[in-house]
Visitor: 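Okay, handing you the structure first.
Because the structure is a prediction, the values reported are computed rather than measured. Atoms within each ligand, like the ligands themselves, are counted from 1 in listed order.
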Amino acid sequence: MRPTGQRAAPHRKISVEGRRAGKAGFLSQPGGRRISQEIWTDVLAYVRKNISEVEYHTWFAPVRAIGVEQGELVLGVRNSFAQEWFRKHYLDLLEDALRSLGAQSPQVSFQVLPAAQDALMLSEPPPAPPLRQSAKAPPSAPSPAPNLNPKYIFENFVVGPNNNLAHAAALAVAESPGKAYNPLFIYGDVGLGKTHLMHAVGHYMTERFPGKRVEYVSTESFTNDLINAIRDDKMAQFRNRYRSVDLLLVDDIQFLAGKERTQEEFFHTFNALYENHKQIILSSDRPPRDIQTLEGRLRSRFEWGLITDIQSPEYETRVAILKMNAEHNRINIPQDVLELIARQVTSNIRELEGAMMRVVAFASLNNVPFSRAVAAKALSNVFTPQEIKVEMKDVLRTVAARYGLPAEVLRGAGRMREVVVPRQIAMYLIRDLTSHSLPEIGLFFGRDHSTVMHAVSKVSENLEKDAELTLTLADLKRQLSGLDDPENDVQDTRF
Ligand SMILES: Nc1ncnc2c1ncn2[C@@H]1O[C@H](COP(=O)(O)OP(=O)(O)OP(=O)(O)O)[C@@H](O)[C@H]1O
């Protein structure tokens, strides 16, 4: 195995020294563009439900997400007229959409795209749909074999005890198509990687044997193609298309059930390919014996090769999948946050990926670093809310991010004021929010308990005379408790 629409009262943005001093590091990471596209896809889905189709196509379709900067979603529009129009007519709608994603003080700004960039962005493929429950991601870039998702390759497939047999069989088939197991029949529940594995074989074949023809089709598309071919009197083309391939990948074959004409045609397609030693891979949500109203001759053919299943991934595999996904999107998410997500979503990998992107969107839009509390809050609308106990490392990371410092610097030997002040604040907050003793906190920072005692009294003393520090601490506590704990909620009364 590889390593493994409720409207909330608007918050006034709290301007505090720390917020100016440092922003959450991941926002400026290369994955930022991807994050804003994920967010924009969700915002568009919300907007579309609330305005007419004509309005949507006129105004929203040409808009591009440029990025998320310090919690603000930056949108690119085509001209200053559109910019003004958005500000006047759609700002509330966009803010509501961001609130529905968990943004507590939603902020949107508009930039006019330079003509060249506009043309460039408009020629880009539409943003990838969110990696979540219902949608299966289509290809986001041209691929040598049509209909193959470029992300679905062997290198991106995490192998665990739940899928190692299916993976080994797919690899064997990719290496010896038409010889190893024919057909290869992969079954398992929704969102567990069947399509991913099929596409991986397709990619492998087109790379290793560039002349080979690969066809991926869902059973539904196969049926529709057949209906159209019959209607348009184009059966010869239909047969030629499906019977001249080297590798035929058919998804969701259980949908053949009850479709007599499609079964008949598929039977002949199967025979033609099989007799010519062409590889066939089928996926289904159940084994052939459990597909009702499937002709016996098809069922027995499906059983000729190898039948293999994919089970739900266990915890370690789920963490490994999340880790790989974060790396793939170039987003730096701490291990304990990934572990929290992996504990929440246990069965469907598409949902697991969707949950991670929800956490990423939530943290980006609220401009806070990743923490378990933030992740729990981001997922609380979808999954059973989790009670998160604040840990020392949560405080360390949150304070460090606030001051734009790497977390380990606060535990290091540095004695400069820029490091000492945040270190003392971290010690104070750990003392306040956890049950750790002074010596335990000292040990965590590689220091004596008296240093911690001094830090705690110094911060308490400063709190009495420094309003800015009071706001910083209140905001840090808010972040550490998942953002909107009313007890720690502070409105900035200076505005
Ligand atoms: N082992 C894995 N490693 C990495 N990603 C995985 C793995 N298994 C599944 N995924 C990811 O989970 C998502 C869902 O996978 P996929 O679409 O292949 O599921 P499926 O079993 O075909 O679902 P359905 O029954 O809905 O057709 C994809 O984004 C896929 O990349």
Visitor: Quick one: closest heavy-atom pair of Ile349 and Leu192, and the distance?
Guide: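 Scanning both residues, the minimum pair turns out to be CD1-O, 4.0 Å.
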Visitor: Counting heavy atoms only, which part of Ile321 comes closer than 4.0 Å to ligand 1: side chain, backbone, both or neither?
Guide: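 Under 4.0 Å from ligand 1, Ile321 contributes side-chain atoms alone.
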Visitor: Return the orientation label for the Phe270 and Phe302 ring planes: parallel under 30°, perpendicular over 60°, tilted otherwise.
Guide: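 Rings of Phe270 and Phe302: tilted, as their planes differ by 30° to 60°.
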Visitor: Is it the side chain (CB and beyond), the backbone, both or neither of Val159 that lies under 4.0 Å from ligand 1, heavy atoms counted?
Guide: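 Under 4.0 Å from ligand 1, Val159 contributes no heavy atoms.
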Visitor: Could a heavy atom of Lys151 be found less than 4.0 Å from some atom of ligand 1?
Guide: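 Yes, Lys151 has a heavy atom closer than 4.0 Å to ligand 1.
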Visitor: Would you mind finding which of Arg350, Lys194, Gln254, Met324 brings a heavy atom closest to atom 26 (O) of ligand 1?
Guide: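 Heavy atom nearest to atom 26 (O) of ligand 1 belongs to Arg350.
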Visitor: Would you say Asp251 and Thr195 are linked by a side-chain donor-acceptor pair, where the criterion is simply a distance under 3.5 Å?
Guide: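 Result is yes, a qualifying pair exists.
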Visitor: Flag the pair Glu215 and Lys278 as a salt bridge only when some basic side-chain nitrogen lies within less than 4.0 angstrom of an acidic carboxylate oxygen.
Guide: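 Looking at Glu215 and Lys278, the cut-off is not met.
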Visitor: Relative to the heavy atoms of Asn163, which atoms of ligand 1 are at a distance of less than 4.0 Å?
Guide: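 Atoms satisfying the 4.0 Å criterion: 1 (N).
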Visitor: Within less than 4.0 angstrom of ligand 1, does Asp285 place any heavy atom?
Guide: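 Checking ligand 1 against Asp285, which is what was asked, there is no heavy-atom contact under 4.0 Å.
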Visitor: Answer with yes or no whether Gly188 contacts ligand 1, where contact means a heavy atom under 4.0 Å from a ligand atom.
Guide: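 Not so, Gly188 does not reach ligand 1.
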Visitor: Please test Arg411 against Glu408 for salt bridge (Lys or Arg N to Asp or Glu O under 4.0 Å), starting from the C-alpha separation and ending with a verdict.
Guide: CA-CA 5 Å; Arg411 300 215 290 176; Glu408 281 317 305; 3.4 Å; yes
Visitor: Quick one: which ligand 1 atoms are inside 4.0 Å of a heavy atom on Asn156?
Guide: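 Counting atoms of ligand 1 from 1, those under 4.0 Å from Asn156 are 3 (N), 4 (C), 5 (N).
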Visitor: Does any N or O of ligand 1 fall below 3.5 Å from an N or O anywhere on Ile349, backbone included?
Guide: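 So ligand 1 has no N or O lying under 3.5 Å from an N or O of Ile349.
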Visitor: Do the side chains of Arg397 and Glu391 get close enough for a salt bridge, i.e. N-O under 4.0 angstrom?
Guide: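 Not counted as a salt bridge, because no side-chain N and carboxylate O are separated by less than 4.0 Å.
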Visitor: Considering only NZ, NE, NH1 and NH2 on the basic side and carboxylate oxygens on the acidic side, decide whether Glu220 and Lys259 come within less than 4.0 Å.
Guide: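 No, no charged N to carboxylate O under 4.0 Å.
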Visitor: Is any NZ, NE, NH1 or NH2 atom of the basic residue among Glu265 and Arg239 found under 4.0 Å from an Asp or Glu carboxylate oxygen of the other?
Guide: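 Salt bridge between Glu265 and Arg239, a charged N being under 4.0 Å from a carboxylate O: yes.
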Visitor: Would you say ligand 1 has an N or O under 3.5 Å from any N or O of Asp251?
Guide: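 No, there is no polar N/O contact under 3.5 Å.
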Visitor: Can you tell whether the side chains of Arg261 and Glu264 come within less than 4.0 Å, N to carboxylate O?
Guide: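 Salt bridge flag = no for Glu264 with Arg261.
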Visitor: Out of all atoms in ligand 1, which are within 4.0 Å of some heavy atom of Leu192? Include the element for each.
Guide: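 The atoms of ligand 1 under 4.0 Å from a heavy atom of Leu192 are 8 (N), 9 (C), 19 (O), 20 (P), 21 (O).
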Visitor: List every atom of ligand 1 that sits less than 4.0 Å from any heavy atom of Val190, numbering the atoms from 1 in the order shown and giving each element.
Guide: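 Ligand 1 atoms under the 4.0 Å threshold to Val190: 23 (O), 25 (O), 26 (O).
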Visitor: Please list, in number order, the atoms of ligand 1 under 4.0 Å from a heavy atom of Tyr152.
Guide: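 In order of numbering, the contacting atoms are 17 (O), 28 (C), 29 (O), 30 (C), 31 (O).
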